[in-house]
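These notes concern the structure reproduced below.
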Amino acid sequence: MRVLVTGGAGFIGAHIVTALREHGHEPVVLDTFLPTSHPEIPVLTDTSVVRGDVRDPEAVRAVLRGVDAVCHQAAMVGLGQDFADAPAYADCNDVGTAVLLAGMAEAGVRRLVLAGSMVVYGEGGYACPRHGAVRPRPRETADLKAGRFEVRCPRCGAGLVPGLIGEDAPVDPRSVYATTKLTQEHLAAAWARSVGGRAVSLRYHNVYGPGMPRDTPYAGVASFFRSALARGEAPRVFEDGAQRRDFVHVFDVAAANVVALEAVAGRPVGSMTVYNTGSGEPHTILDMAQALARAHGGPPPVVTGEFRLGDVRHITADSTRLRVESGWRPQVGFDEGMAEFARARQRSSAAPRQA
């Protein structure tokens with residue numbers, strides 16, 4: 001297949017391009033190469049690369065010629081700095097997706113794999129000893145300031161037991177970024193129904209690995225910690241470090257995209273399917289910081305008690321559906337992946353983040 005990868009020069013996109021070539025496909029990259037993301041233009045060998053913006057209808061129309069499927073990775077990521085970022089997130093993520101889908105409709109391209117995100121769930125899955133499965137309310141600022149980080153049952157106030165969350169769980173986006181990622185899925189579903197397309201959204205969990213950007217406030221927590229260690233500083237762990245996440249290696253995420261692209265042709269016409277894409281191994285934030293520090297040989301992490309509004313307490317994936325329906329299996333374990341990432345090259349940033 002000839003596959004357009006939007007954002008194909010980015011962290012995850014570049015690994016997808018490599019995986020596509022290894023599986024005999026012909027990737028085509030569309031990327032803006034913004035200086036904030038690419039102060040050094042990466043070299044993508046044996047790949048057709050177009051410098052253009054997914055929000056530009058003419059650029060999209062041109063790059064879609066001869067394409068069989070699209071892997072849509074282009075997006076503004078992270079929680080942002082404050083609500084002033086909201087217009088930029090909506091413009092990049094949602095307007096960009098709408099322009100791309102309109103171009104696909106015109107060009108007759110009917111297969112799409114979308115970079116989704118676990119952030120659409122808000123908090124993860126929880127069980128109350130008395131009331132069973134419950135959805136906790138957003139955490140209050142006063143509780144966070146007092147160091148009361150765990151969520152509680154909305155009915156009786158008891159402590160909750162975190163568990164895995166499946167694709168059929170209610171969505172509850174709790175940040176602007178999360179809202180834009182859910183909107184992307186709704187747009188893809190509407191496109192599929194309207195034109196008889198087939199769409200898959202891979203809801204990534206915490207992706208990490210070689211090539212992550214460094215020293216940027218829009219990167220993930222793994223990048224924050226790795227950047228600190230590269231500067232000879234201790235990773236700063238917010239809250240009490242007991243937040244549970246699913247850290248999935250970028251090699252496994254790239255493989256999931258290839259599997260989804262090859263399988264999407266077998267999905268029903270007009271359908272939109274979502275798949276959690278995680279390692280299946282929950283670990284705490286502190287676990288991850290300690291593993292990186294040990295492997296890097298740097299100072300141990302410092303638990304600060306700080307917090308960010310919009311962060312959720314626990315969110316870990318049940319990726320059974322993707323495994324059963326596609327045969328995909330993550331290959332990189334937590335210990336192996338963190339040991340590699342501790343020494344891996346990071347992408348430089350045009351705007352260093354001050355410690």
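These numbers come from the heavy atoms of this one structure, side chains and all, not from hydrogens, waters or symmetry mates. Computed from a predicted model, the values in this text were never measured in an experiment.
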Do [X] and [Y] come close enough that some side-chain heavy atom pair is under 4.5 Å?
X    : Y    : value
Q184 : T180 : no
I12  : V253 : yes
Y177 : V119 : yes
H131 : C156 : yes
L286 : P301 : yes
E336 : V332 : yes
F334 : M288 : yes
F11  : P213 : yes

Distance-minimising heavy-atom pair for [X] and [Y]:
X    : Y    : result
F225 : R236 : CE2-O, 3.2 Å
P170 : R135 : O-NH2, 3.5 Å
A344 : R226 : O-NH2, 2.7 Å
G13  : V5   : O-CG1, 4.1 Å
Y89  : V77  : OH-O, 3.0 Å
A188 : L114 : CB-CD2, 4.5 Å

For residues [X] and [Y]: do they belong to one hydrophobic cluster (side chain heavy atoms under 4.5 Å, members Ile, Leu, Val, Met, Phe, Trp, Tyr)?
X    : Y    : result
L160 : I315 : no
L182 : V274 : no
Y204 : M212 : yes
L164 : V134 : no
L202 : V264 : yes

Distance-only polar pair, side chains of S271 and R198, donor-acceptor under 3.5 Å: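 Not at all, the side chains of S271 and R198 share no donor-acceptor pair under 3.5 Å.
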
Polar contact flag, side-chain donor to acceptor under 3.5 angstrom, Q73-N257: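 Yes, side-chain donor-acceptor contact under 3.5 Å.
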
Does [X] pair with [Y] as a salt bridge, N-O distance under 4.0 Å?
X    : Y    : value
D287 : R244 : no
R294 : D335 : no
R55  : D91  : yes
E306 : K145 : no
R245 : E281 : no
E167 : R203 : no

R137 atom CZ, neighbour heavy-atom count above 12 within 6.0 Å: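 No - once you tally the heavy atoms of other residues, nucleotides and ligands closer than 6.0 Å, there are 12 at most.
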
Whether over 12 other heavy atoms sit under 6.0 Å from E140 CD: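 Atom CD in E140 is not packed in, count stays at 12 or less.
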
Atom [atom1] of [X] and atom [atom2] of [Y]: how far apart are they, to the nearest 0.5 Å?
X    : Y    : atom1 : atom2 : answer
R21  : I16  : CZ    : CD1   : 12.5 Å
L229 : H296 : CG    : NE2   : 5.5 Å
D56  : R61  : CG    : CZ    : 9.0 Å
D94  : K181 : CG    : NZ    : 9.0 Å
S319 : W328 : OG    : CH2   : 5.5 Å
R111 : C71  : CZ    : SG    : 13.0 Å

Pair R148-D240, salt bridge (charged side-chain N to carboxylate O under 4.0 Å, His left out): steps then yes or no: CA-CA 9 Å; R148 296 187 292 268; D240 59 0; over 6 Å; no

Is a donor on one side and an acceptor on the other found under 3.5 Å between the side chain of [X] and the backbone of [Y]?
X    : Y    : result
N276 : D318 : yes
T183 : T179 : yes
N93  : M76  : yes
Y126 : G132 : no
R329 : R323 : yes
D31  : R51  : no
T316 : D246 : no
H15  : P210 : yes

F247-H283 aromatic ring centre distance below 6.0 Å: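 For F247 and H283, the ring centres are not under 6.0 Å apart.
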
Worked check of side-chain contact (heavy atoms from CB on, under 4.5 Å) between V176 and D85: CA-CA 8 Å; V176 170; D85 286 332; over 6 Å; no

Hydrophobic cluster partners of V195 (side-chain heavy atoms under 4.5 Å):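 For the cluster that includes V195, the remaining residues are L4, V28, L30, V50, V54, V60, V63, L64, V67, V70, V95, V99, L100, L101, M104, V109, L112, L187, W191.
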
Sequence neighbours excluded - salt bridge (charged side-chain N to carboxylate O under 4.0 Å, His left out) pairs with any residue from residues 116-126: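 Residue pairs passing salt bridge (charged side-chain N to carboxylate O under 4.0 Å, His left out), neighbours aside: none found.
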
Aromatic ring pairing H249/Y208, orientation class (parallel under 30°, perpendicular over 60°, tilted between):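 Answer is perpendicular, since the angle exceeds 60°.
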
Cationic tip of R174 above Y121 ring, under 6.0 Å, 45° of axis: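 Geometry flag: not set, cation outside 6.0 Å or 45°.
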
Stepwise side-chain hydrogen bond (donor to acceptor under 3.5 Å, both in side chains) check, H25 with E262: CA-CA 10 Å; H25 300 295; E262 293 173 343; 2.9 Å; yes

T97/H72 under side-chain hydrogen bond (donor to acceptor under 3.5 Å, both in side chains): CA gap, chis, key distance, verdict: CA-CA 8 Å; T97 298; H72 183 30; 3.0 Å; yes

